[in-house]
2 protein chains.
Amino acid sequence: MSQTAGILEQAEQHCRERGSRMTEKRKRVLSGLVDSDKALSAYELIDYCKEQFGENIPAMSIYRILAFLEEEGLVHKLNLANKYVACAHICCDHSHGVPQFLICGGCSKVKEITVNPAMISELKKSAEQAGFTMMSQQLEMDCLCDECMGSAA
Amino acid sequence: MSQTAGILEQAEQHCRERGSRMTEKRKRVLSGLVDSDKALSAYELIDYCKEQFGENIPAMSIYRILAFLEEEGLVHKLNLANKYVACAHICCDHSHGVPQFLICGGCSKVKEITVNPAMISELKKSAEQAGFTMMSQQLEMDCLCDECMGSAA
DNA sequence: GCAGTCGCTGCTATGTTGTAACATCACTGA
DNA sequence: TCAGTGATGTTACAACATAGCAGCGACTGC
């Protein structure tokens, strides 16, 4: 069984436990994200489904499916890039905190990391002093991966 | 002299020193951002120029002007919201570090803060360990301001 | 002053991301 | 089997952004 198939299997299991449905289309969208180590836009996922499965999924459906998958904790939306990535922890049984992301501006490769929780709470404190409440601890950082860094030099 | 006019004066001075031109249109766009404590989208700035000066500036020009102002360090682009804000430090003569932003998801109000430099360097280190180089230390945080927080409750 | 140049702006078209509103399809359970 | 609910389709459109080319206007050097 391929890596991707294993992850999809896990995701399906996850949905069963939560009483939600992992439909064929949802699996296809998720598989696109799992197969790719890059973040993909909704429209890139449309292309992926067309090429890979010969299926034309309208934009509206892709967005609904992405919203569903995000709700289930299977994908993350990257607001900085307006793209989407599969969660790096679909296969972990342990629950995990809010992730932070390193996003390559060159090739959209994404690394999901977990920064020091003390740092996040310090950020939260700074925000509160300024009269703001942080709604999401998901930090997104504009980076270049080593590969793109090399070819840019 | 109004607060805004003073800031515009400073900005003009800044451009003179750098050998770049602060044209009328550029001043109008900048004044829109300075007048507002919120982040504005390019299209909101078009509306502003129309209402305030009766001048129709096409989107293309607004984007070029925003790019120029960003180049000059007079405005910041908030990628999280696809909006723009005037730099909070146009009037400071001291140069300042890379800013971080608290963005209210309710009303687009923005607070520019400077977080502990040690935190930023810790982030940078984490990134490098993961094979990424941070290209911008500009963190943008999804928040609610106290006011919106109150009305949401 | 005048020609040449370069930077700024205008115009048109188009690409990309995302959503509203309403219709239809398909699975589930009584 | 049939009603109800959730998933998907369709159409239209809003918001953000850029490409490419044309024209205008302000400086420079002669």
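Letters A, B, ... are given to chains in the order of the sequence lines, protein chains preceding strands, and every chain is numbered from 1. Values below: every heavy atom of this structure, side chains too, minus hydrogens, waters and symmetry copies. The structure displayed is predicted, hence computed values, not measured ones.
The side chain of B:Ser61 sits closest to C:dG10 out of C:dG10, D:dC16, D:dG9.
A:Lys77 comes within 4.0 angstrom of sugar-phosphate atoms only, judged by non-hydrogen atoms across all strands, and of no base. Among the protein residues, B:Pro58 comes within range of the sugar-phosphate backbone only, with heavy atoms under 4.0 Å from sugar or phosphate atoms but none that close to a base. Within 4.0 Å of B:Arg21, counting heavy atoms only, lie sugar-phosphate atoms of the nucleic acid but no base atom.
Taking atom CD1 of residue B:Ile57 and atom P of nucleotide D:dA17, one finds them 17 Å apart after rounding to whole Å. Rounded to a whole Å, the CG atom of B:Leu66 is 10 Å from the P atom of D:dT18. Between B:Tyr63 atom OH and D:dA17 atom C1' the separation is 5 Å, expressed in whole Å. Distance CG (A:Asn79) to P (D:dA15): 19 Å, rounded to an integer number of Å. At whole-Å resolution of the value, CG in B:Leu69 and C1' in C:dC8 are 13 Å apart. The distance from atom CD of B:Glu44 to atom P of D:dA14 is 16 Å, rounded to the nearest whole Å. In this structure, the CZ atom of B:Arg28 is 11 Å from the P atom of C:dT9, given to the nearest Å. Distance, A:Glu71 CD to D:dA7 C1': 15 Å, rounded to whole Å.
Remark: A:Lys27 engages A:Glu12 in a salt bridge, criterion side-chain N to carboxylate O under 4.0 Å. Salt-bridge annotation for A:Glu55 and A:Lys50: absent, with no side-chain N of the basic residue lying under 4.0 Å from a carboxylate O of the acidic one. Under a 4.0 Å N-O distance rule, the pair B:Glu147/B:Lys109 qualifies as a salt bridge.
At the phosphate of C:dT9, OP1 or OP2 sits under 4.0 Å from a side-chain N or O atom of B:Thr23. Phosphate contact (OP1/OP2 of C:dT9, side-chain N/O of B:Arg26, threshold under 4.0 Å): present. Here B:Ser41 reaches the OP1 or OP2 of D:dC16: one of its side-chain N or O atoms lies under 4.0 Å away. Look at A:Asn82 and you won't find any side-chain N or O under 4.0 angstrom from OP1 or OP2 of C:dT16. At C:dG10, one or more side-chain N or O atoms of B:Lys25 fall inside 4.0 Å of OP1 or OP2 (strictly under the cut-off). Remark: B:Tyr84 is in phosphate contact with D:dA17, judged by side-chain N or O atoms under 4.0 Å from OP1 or OP2.
Between A:His76 and A:Phe101, the distance separating the two ring centers is shorter than 6.0 angstrom.
Here the side chains of A:Leu30 and A:Met22 are in contact, with some heavy-atom distance below 4.5 Å. Put simply, the side chain of A:Leu74 reaches to within 4.5 Å of the side chain of A:His14, judged on heavy atoms.
You'll find a donor-acceptor pair under 3.5 Å spanning the side chain of A:Tyr43 and the base of C:dG18, going by distance alone. A donor N or O paired with an acceptor N or O is found under 3.5 Å between the base of C:dG10 and the side-chain atoms of B:Arg64.
The residue among B:Phe68 and A:Ala59 whose nearest nucleotide of DNA chain C is located toward the 5' end is B:Phe68.
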